[in-house]
Amino acid sequence: MHRNLVAPLLGISSFGAAHTLRQRSAAGCGQSPTATLGELSKFNTTAGREYGVWLPDDYDQTAATPLIVSYHGADGTIDSQAALDKLTHSEFNTDHIVVYLQGKADDPDEPNHTTWEGAPGNDEDDVGFTSDVLDAMTAGYCIDTSRIYATGKSQGGGFVGRLACDADMSKRIAAFAPVSGAYYIGSIDEKSETKPETVQVPCEAGRADVPIMAFHGGDDTTIAYYGAFRSGSCLPAIPNWIQQWAARDDLDETPANTSISGSDNGVVMSFGDGLVTLVYDGDDIGHDWPSTTENSDNGGTGLAAFNASTMIMAFFREHTLS
Ligand SMILES: *[C@@H]1O[C@H](CO)[C@@H](O)[C@H](O)[C@H]1NC(C)=O
Ligand SMILES: *[C@@H]1O[C@H](CO)[C@@H](O)[C@H](O)[C@H]1NC(C)=O
Ligand SMILES: *[C@@H]1O[C@H](CO)[C@@H](O)[C@H](O)[C@H]1NC(C)=O
Ligand SMILES: *[C@@H]1O[C@H](CO)[C@@H](O)[C@H](O)[C@H]1NC(C)=O
């Protein structure tokens with residue numbers, strides 16, 4: 001706010017000035033890219049974890065480029081998530097690098113049951129994996145390190161919430177957009193005093209203005225909007241979860257509501273001019289990546305009145321790390 005008021009007096013564009021100051025020259029600037037432009041290329045970290053890298057068609061190795069990290073849901077893969085979020089499609093994104101991380105299957109008897117740290121039964125260090133991938137990306141590509149973003153579906157969305165609450169990752173990632181997130185909170189007995197409506201989310205965010213845009217459907221029968229006990233853990237009610245973000249970011253607790261056009265009762269709840277936003281997809285939307293066209297999620301439960309990926313890209317564009 002203040003910067004916008006003062007910058008014109010100095011005769012400079014606040015956007016341009018901020019951009020110049022903030023752009024950190026990543027070590028990878030100037031290097032020929034290892035990944036193929038416009039295709040999803042797969043790599044392993046030195047610790048043997050797999051990830052896919054998509055570079056825009058006109059990626060320029062001398063221009064600092066923003067990057068999105070995207071996480072699949074339980075049982076998902078790099079490819080299934082790319083098919084779901086469509087962030088490698090020109091309709092949604094032409095100028096951000098997108099990196100898809102592959103979750104691990106811990107049980108050798110269920111090789112396709114891939115999960116993320118924080119989900120019941122997972123004991124991987126996926127925060128460390130994310131950090132390794134960001135290190136590899138900034139070493140090998142020209143990344144604008146002030147514009148690194150995270151999104152994900154279901155358990156992947158829950159993990160995005162975890163990154164936002166991590167002391168270091170919350171300072172490395174500029175904005176977070178979980179979709180139908182499964183925000184598992186430890187191992188909690190259903191018979192305990194804990195309730196999804198009031199359970200406290202453990203959080204060590206390293207800054208006080210973390211941008212969050214979460215999506216959730218009213219007809220989500222996998223990760224219920226009003227919370228639940230599941231797999232020996234507690235899933236917070238989504239209104240409770242988002243209120244805690246508004247409080248952490250020191251925002252007014254009452255959101256400004258805007259109805260979603262074309263939807264019967266979808267509502268965008270905006271705290272602090274959208275720094276924290278909950279998109280209630282609508283009563284009839286299930287455990288989905290909201291889309292107006294059919295995708296691998298919504299075939300059985302109906303189409304949304306909007307594309308989540310469009311809103312996510314607009315939200316990311318509004319946020320840069322200072
Ligand atoms: C990554 O490592 C796994 C397991 O070692 C292997 O199956 C996979 O093919 C590797 N991927 C790449 C792109 O090298
Ligand atoms: C795991 O997924 C692969 C690829 O879709 C499939 O070929 C394989 O049969 C699956 N394995 C099990 C145990 O379901
Ligand atoms: C905003 O919308 C939510 C969901 O419909 C509702 O619970 C809440 O009361 C609304 N808040 C205001 C201030 O209208
Ligand atoms: C949503 O995205 C699909 C492509 O995935 C596109 O066909 C459709 O027109 C988009 N809907 C809106 C409202 O933009």
Apply side-chain contact (heavy atoms from CB on, under 4.5 Å) to Q244 and Q200, showing your working. CA-CA 8 Å; Q244 290 184 45; Q200 286 297 306; 3.5 Å; yes
Chi angles and distances behind the side-chain contact (heavy atoms from CB on, under 4.5 Å) call for L40, V53: CA-CA 5 Å; L40 195 49; V53 176; 5.8 Å; no
Check step by step if side-chain contact (heavy atoms from CB on, under 4.5 Å) holds for K104 and T114. CA-CA 5 Å; K104 238 177 145 170; T114 54; over 6 Å; no
Begin with the C-alpha distance, continue with both residues' side-chain angles, and end with the deciding distance and a verdict on side-chain contact (heavy atoms from CB on, under 4.5 Å) for V201 and I185. CA-CA 7 Å; V201 179; I185 299 178; 3.9 Å; yes
Show, in sequence, the C-alpha distance, side-chain angles and deciding distance for D85 and Y100, and conclude whether the side chain to side chain donor-acceptor pair (under 3.5 Å) test is met. CA-CA 10 Å; D85 71 17; Y100 294 90; 2.7 Å; yes
Could you give the side-chain donor-acceptor pairs of residues 151-161 under 3.5 Å, partners two or more places apart or in another chain?
| residue | atom | partner | partner atom | Å |
| --- | --- | --- | --- | --- |
| T151 | OG1 | A177 | O | 2.6 |
| K153 | NZ | H287 | O | 3.1 |
| K153 | NZ | D297 | OD1 | 3.4 |
| K153 | NZ | D297 | OD2 | 3.0 |
| S154 | OG | H287 | NE2 | 2.7 |
| Q155 | OE1 | W116 | N | 2.8 |

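No donor-acceptor pair under 3.5 Å is formed between the side chain of N298 and the backbone N or O of D288. Remark: side-chain polar atoms of S170 are paired, donor with acceptor, to backbone N or O of D166 under 3.5 angstrom. The backbone N or O of Q31 sits nowhere less than 3.5 Å from a side-chain atom of Y141 that would complete a donor-acceptor pair. A donor-acceptor pair under 3.5 Å links the side-chain atoms of S233 to the main chain of G186, judged by distance alone. Not one N or O on the side chain of S192 forms a donor-acceptor pair closer than 3.5 Å with the backbone of I188. Under a 3.5 Å cut-off, the side chain of T292 and the backbone N or O of N307 do not form any donor-acceptor pair. Formation of a donor-acceptor pair under 3.5 Å by the D107 side chain with backbone atoms of D109 is found in this model. Side chain of R230 to backbone of T222: a donor-acceptor contact under 3.5 angstrom is found.
The closest side-chain donor-acceptor pair between D132 and T45, if any, does not fall under 3.5 angstrom. Remark: the T130 side chain and the Y71 side chain contain an N/O donor-acceptor pair separated by less than 3.5 Å. Side-chain contact check for S309 and W289: at least one donor-acceptor pair (N or O, by modelled atom type) lies under 3.5 Å. When only modelled atom types and interatomic distance are considered, D144 and S146 share a side-chain donor-acceptor pair under 3.5 Å.
A heavy-atom distance below 4.5 Å is not found between the side chains of D281 and D220. F306 is listed as a side-chain neighbour of V279, based on a closest heavy-atom distance under 4.5 Å. Residues L275 and H319 are in side-chain contact: their nearest non-hydrogen atoms beyond the backbone lie under 4.5 Å apart. Two residues are said to be in side-chain contact when any heavy atoms from C-beta on lie closer than 4.5 Å; D283 and D219 fail this criterion. The side-chain heavy atoms of L321 and K171, taken from C-beta on, include no pair separated by under 4.5 Å. Put simply, the side chain of I238 reaches to within 4.5 Å of the side chain of Y183, judged on heavy atoms. Using a 4.5 Å cut-off on side-chain heavy atoms (C-beta onward), P196 and F229 make contact. No side-chain heavy atom of Q102 sits less than 4.5 Å from a side-chain heavy atom of K42.
Considering OG1 of T65 and CG of D60, their distance stands at 7.0 Å, rounded to 0.5 Å. Distance check, rounded to the nearest 0.5 Å: OG1 of T36 to OH of Y59 gives 13.0 Å. Rounding to the nearest 0.5 Å places CG of D264 at 11.0 Å from OG of S259. How far OG1 of T88 is from NE2 of H96: 14.0 Å, rounded to the nearest 0.5 Å. A distance of 4.5 Å separates CD1 in I143 from CG in L67, rounded to the nearest 0.5 Å. Taking CD1 from I148 and CE from M169, the interatomic distance works out to 8.0 Å, rounded to the nearest 0.5 Å.
Follow the hydrophobic side-chain contacts under 4.5 Å out from V268 and you reach V179 in the same cluster. L37 and I78 fall into different hydrophobic clusters, defined by Ile, Leu, Val, Met, Phe, Trp and Tyr side-chain heavy atoms under 4.5 Å apart, directly or through other members. M311 and F176 fall into different hydrophobic clusters, defined by Ile, Leu, Val, Met, Phe, Trp and Tyr side-chain heavy atoms under 4.5 Å apart, directly or through other members. W54 and I68 fall within the same hydrophobic cluster, where Ile, Leu, Val, Met, Phe, Trp and Tyr residues are linked whenever their side-chain heavy atoms come under 4.5 Å apart, directly or through other members. Cluster membership for Y51 and Y149, using ILVMFWY side-chain heavy atoms within less than 4.5 angstrom, is not shared.
Residue G274 comes nearest to F315 through the heavy atom pair O-CE1, 3.6 Å, listed as atom of the first residue, atom of the second, then distance. In plain terms, the two heavy atoms of V199 and C234 that are nearest each other are CG1-SG, 4.0 Å. Residue A164 comes nearest to V210 through the heavy atom pair CB-CG1, 4.2 Å, listed as atom of the first residue, atom of the second, then distance. In plain terms, the two heavy atoms of A174 and R207 that are nearest each other are O-NH2, 3.0 Å. Taking every heavy atom of both residues into account, L55 and P33 meet most closely at CD1-CB, 3.7 Å. The shortest non-hydrogen separation linking M269 to Y225 is CE-OH, 3.7 Å.
Of the charged side-chain nitrogens involved, at least one lies within less than 4.0 Å of a carboxylate oxygen, so that R317 and D95 count as a salt-bridged pair. Under a 4.0 Å N-O distance rule, the pair R172/D135 qualifies as a salt bridge. For the pair R162 and D126, the salt-bridge criterion is not met [side-chain N within less than 4.0 Å of a carboxylate O].
Heavy-atom contacts from other residues, nucleotides or ligands closer than 6.0 Å to CD of E197 number more than 12.
The aromatic ring centres of F215 and Y280 sit 6.0 Å or more apart.
Partner V69 forms a side-chain contact (heavy atoms from CB on, under 4.5 Å) with one of V133, V98, L101, L163 and no other, that one being L101. Each of D75, D123, N122 was checked for a side chain to side chain donor-acceptor pair (under 3.5 Å) with T115, and the lone residue meeting it is N122.
Partners of Q243 by side chain to side chain contact (heavy atoms under 4.5 Å, CB included), not counting sequence neighbours, listed by chain and number: E253, F271.
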